[in-house]
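By convention in this document, chain letters (A, B, ...) are assigned in the order of the sequence lines, proteins followed by strands, and residues within each chain are numbered from 1.
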Amino acid sequence: MIRNGSIIQPRFHVHRSTECVNCRKCIAECSFGVHSWDEKNKRMKADSSKCVDCQRCVVYCPVDALSITRNENIMHPNHAWCEDSLNEIYRQAETGGVLLSSMGAPDRKVPSYFPRILLNASQVTNPSIDPLREPMETTTFIGRRPESIERDLNGKLIDNLPPHLELKEPIMFAAMSYGAVSLNVHKALAMASEALGTYWNTGEGGLHEDLYKYGKNTIVQVASGRFGVHPDYLSAGAAVEIKIGQGAKPGIGGHLTGAKIHGDIAKTRMVPEGIDAISPAPHHDIYSIEDLRQLVSMIKEATNYTKPVIVKVAAVHNIAPIASGIARSGADIIEIDGFRGGTGAAPVRIRDNVGIPIELALAAVDQRLRDEHIRSQISIIASGSIRNSADAAKAIALGADAVSIGTAALCALGCHLCASCQTGKCAWGIATQEGDLMKRLDPEKGAERLYNLVHAWKREIEEIMGGMGINSIEALRGNRLALRGVGLTQKELDVLGIKHAGE
Amino acid sequence: MREGEVRIPSGCAIAGIFARDGKRINGRTIRDSIAVMHERSNGLGGGYAGYGIYPQYKEYYAMHIFYDDMAAREECERYLDAAFDIINLSKIPTRPNPNITDAPLIWRYFVTPLPHRLSDSLLDEEEYVVRTVIRLNNSIKGCYVFSCGKNMGVFKAVGYPEDVADFYRLEEYEGYSWTAHGRYPTNTPGWWGGSHPFALLDLSVVHNGEISSYDANRRAVEMYGYSCNLLTDTEVITYILDYLKRRVHLTLEESASVIAAPFWNTISLKGEEEGKRLAYLRKMFSEFLVTGPFSILVGFGGGMMALNDRLKLRSLVVGEKDRTVYFASEEAAIREIAPDLDSIFSPKGGEPVIVHLDEGVRA
């Protein structure tokens, strides 16, 4: 049927079984206005066209009466012009706008390499190690390392290492800004990081004053909009991250709508209420690599050389020379965010078509830095679709020092990947600033779930390492013989620097 | 299939003797020791390193080289001639042994860098020698330099260690320090270069174990100009030790704290200064941590080091009698040549045992 003049048919279909007791819980839970009470017919009804399939009503229905399926209606089958393509055309024809979405690129036509990489284990010639009985070390230090040792006049080694971050497990939380996510998400991340001995990242929206107490587990971000950046903010965290780019939208800035900018968000971001906060595409003081060097130096001066500086870039085609340039800019750590990295809002065309998968980018960067003899001087964080502990272990074996997780962390908080963050109506209380919705996320419970997730991954990584006879995470880092590809072309194997299974 | 084309894990036996007082020990003694552990080898590799064996040429680098054929030898000698002053060259004396077959041509050269070539290279003498050796091994087909130190030499082959000793007439050599190796590779390497000891300059390593950190270590050390052609653990350990000792200028004890770094919770129990020192070494050189089971004997001019992995997943015992120190995978191998010991113990995982010549004793 035609709704509000649109010929677009609903993507999903909300089904309600006879179990329904008309309790109207779904009306309260749905922030997209799908469910309503039909007074005339004395029954519940659903407007499937509004449904984003966030699963909130399904999970909260007390009698399991609800389910959501793809709309069974099929458009005329055509592989070249599939249903999603047509609906995007209809939408743009109706609105004239740039298509927006959120979270990472969902397209399965771009391969995901982690599932096609397999891990090794010891048999006979080398004992596997039982992590429940033997020490198993996952503590990771990241930061810059000098080129040579120094000794004092008595020949004693001088500790000439610049400040490092100590991670109890090689997993940290990715940058998500206050404004894009709610304060409760930040609280949960901060509390979980403290309990786990790892770090969370403010993203570009500043650090709420209530969270300064978590500073030693906080990485503060400086992005192109410089929102919320002031001397106390820079000094509050354990490290400062300069965000150049993001895997979901390489080359694109950010846009937080004025509707989300009120109260504490405006104050924390240091911007006027109700006015769009726009992060420019580039940093306007970084038009070249030598400018990055100056910003790194400025931040180090401002923080008295007590904080490592991270430079975060999106995985793009020439990521290897870019990383090499960053390594020589004085930065301590490079974070590479891959093609499938998440976002609170991005143009669909950018998200789904720009950048390269993290596996290939990471392998290329690690190898390039080794070819240039500078890999040992700088640390690498990989992000962008780390879905489980095996992905993390594979990323480390490809060459990462640590990984960071954004989407997986949000899923731990209840996110169901409906990719509607940009609407601000997140029914799970994550990507929203609406009072009642925000309350749905209890920061303490959220912190516990985040802790559980990362702790479980850590235990799984220990099992993976133990199986290989490795008892310290640094012996896994860059250990590419621990990996084999399946179903990959020789070119893909060459870029990944791994052998095919059976070789 | 040749060593270096695939990675071959292996189990092993190791043994060592070191006379602190510089007493000269006949090669037959180390042969008798390693022969006891026959069961730990499978006849696919055996070898020895002797120190102080070339007193008459102690100022010169002793190059031991395997050649597949005369063409490789001619090409290599042309190269050696251009880089070094060759003081003496000869075949290494051998005797036929029915269990040692497919021997390559085995030659020995005592050399010293040509002064003008050395000064043109802008390298120190040892680096000049190392780079020349790496280049020879990488670029000349059928040529493999397996020993290049001063007043020391490696003797190795495919076979049981006792046969290898017989083949090389080891009883004709005497030195203050010996190491030995019997290899148990899991498939047929069929190439003599893959046997232990593995040596660079005067540093030689015999190794029992399979390191699980192999590729992390390999890729790290290859950043510094080494090239791991054999894909063996021993090769990578040798290069790491050479790098840490000769290039970074760490002491042997410090190098041991890098490759068998204490666990973080062990470090936290140390005193503040020692804890800081160990934490620094571990953070600074994390890519050289070696995990997985190993026991190694490292020979070097004037000393020897024994080291186990930090979990002690391979056996290693150390015995002492007067000023002589004995090392072996099994106590029986020590008792065979020194039945009446003053002391014997098993070093803890990750704790190096380092011995040097007594003060005033010249190698």
Side-chain angles (χ1 to χ4, degrees), chain A residues 120 122-129 134-143 145-146 148-149 151 155-161 164 166 168 366-367 369-376 396-397 399 401 465-483 497-498 503, chain B residues 6-11 184-186 209-225 231 233 244 247-251 254 257 259 261-268 273 276-294 309-311 313-314:
Chain A
N120 195 25
S122 300
Q123 298 287 293
V124 184
T125 57
N126 182 346
S128 43
I129 302 169
E134 300 284 350
M136 192 58 69
E137 299 187 306
T138 56
T139 299
T140 304
F141 288 87
I142 56 175
R145 294 190 291 177
S148 54
I149 59 164
R151 293 186 191 271
K156 265 180 35 186
L157 288 167
I158 297 170
D159 185 351
N160 58 356
L161 286 169
H164 276 204
E166 178 179 353
K168 290 293 177 201
D366 177 70
Q367 190 54 50
L369 297 183
R370 285 170 194 271
D371 292 345
E372 298 187 10
H373 313 306
I374 51 177
R375 174 66 185 89
S376 56
I396 291 165
D401 288 84
M465 285 165 48
M468 294 182 192
I470 285 172
N471 58 10
S472 185
I473 194 79
E474 56 257 52
L476 180 63
R477 190 201 314 143
N479 195 337
R480 295 192 186 170
L481 269 185
L483 304 174
I498 63 174
E503 277 191 283
Chain B
V6 290
R7 190 167 136 70
I8 304 168
S10 54
Y184 196 130
T186 50
E210 184 194 343
I211 61 181
S212 53
S213 54
Y214 174 76
D215 214 34
N217 302 141
R218 177 190 70 83
R219 297 181 72 233
V221 82
E222 285 196 341
M223 274 207 307
Y224 303 104
L231 304 183
D233 300 342
L244 293 176
R247 306 259 300 267
V248 182
H249 302 297
L250 290 187
T251 66
E254 287 165 348
S257 298
I259 67 175
F263 289 97
W264 287 113
N265 57 11
T266 310
I267 291 175
S268 71
E273 198 174 309
K276 266 187 168 169
R277 188 184 75 87
L278 290 168
Y280 171 76
L281 286 169
R282 199 167 165 188
K283 285 194 255 179
M284 183 75 181
F285 299 105
S286 57
E287 59 270 47
F288 297 123
L289 172 69
V290 176
T291 63
F294 68 84
D309 66 274
R310 52 198 196 148
L311 286 183
L313 295 170
R314 283 289 184 271

Looking only at atom types and distance, does a side-chain atom of [X] sit under 3.5 Å from a main-chain N or O of [Y], one as donor and one as acceptor?
X	Y	result
A:Glu137	B:Trp264	yes
A:Asn479	B:Ser212	yes
A:Arg370	B:Met223	no

Taking NZ, NE, NH1 and NH2 as the nitrogens, is one of them in B:Glu273 or A:Lys156 under 4.0 Å from a carboxylate oxygen of the other?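 Looking at B:Glu273 and A:Lys156, the cut-off is met.
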
Side chain, backbone, both or neither of [X] within contact of chain B (heavy atoms, under 4.5 Å):
X	result
A:Glu134	side chain
A:Ser376	both
A:Asp371	neither
A:Ile470	both
A:Ile129	side chain

Tell me which of these, [options], has more heavy-atom pairs under 4.5 Å with chain A than the rest.
options	result
B:Val248, B:Leu281, B:Asn265, B:Leu311	B:Leu311
B:Arg247, B:Arg282, B:His249	B:Arg282
B:Leu250, B:Leu313, B:Val290	B:Leu250

Give a yes or no on this: more than 12 heavy atoms of other residues, nucleotides or ligands lie within 6.0 Å of atom NZ of A:Lys168. no

Could you walk me through whether A:Ile158 and B:Tyr280 satisfy the side chain to side chain contact (heavy atoms under 4.5 Å, CB included) test, starting with their C-alpha distance in whole Å, then the side-chain angles of each, then the deciding distance to 0.1 Å, before giving a yes or no? CA-CA 9 Å; A:Ile158 297 170; B:Tyr280 171 76; over 6 Å; no

Under the criterion side chain to side chain contact (heavy atoms under 4.5 Å, CB included), I'd like the reasoning laid out for B:Glu210 against A:Ser122: C-alpha separation, chi angles, the key distance, then a yes or no. CA-CA 10 Å; B:Glu210 184 194 343; A:Ser122 300; over 6 Å; no

So do the side chains of A:Arg477 and B:Ser286 get within less than 4.5 Å of each other, counting heavy atoms only?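 Touching, per the 4.5 Å side-chain cut-off.
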
If you take all heavy atoms of [X] and [Y], which pair is closest and at what distance?
X	Y	value
B:Arg314	A:Thr125	NH2-O, 3.5 Å
B:Pro293	A:Pro127	CG-CD, 3.4 Å
B:Arg219	A:Gly478	NH1-O, 3.0 Å
B:Glu254	A:Leu157	OE2-CD1, 3.5 Å
A:Glu474	B:Ala216	O-CB, 4.2 Å
B:Thr291	A:Gly469	OG1-O, 4.1 Å

Structural part of [X] lying under 4.5 Å from a heavy atom of chain A:
X	value
B:Phe288	neither
B:Lys276	neither
B:Arg218	neither

Quick one: of [options], who has the most non-hydrogen atom pairs under 4.5 Å with chain B?
options	answer
A:Asn471, A:Asp159, A:Asn160	A:Asn471
A:Gly399, A:Ser148, A:Pro135, A:Gly143	A:Pro135
A:Arg480, A:Met465, A:His164, A:Glu372	A:Arg480
A:Pro146, A:Gly497, A:Gly155, A:Ala397	A:Pro146

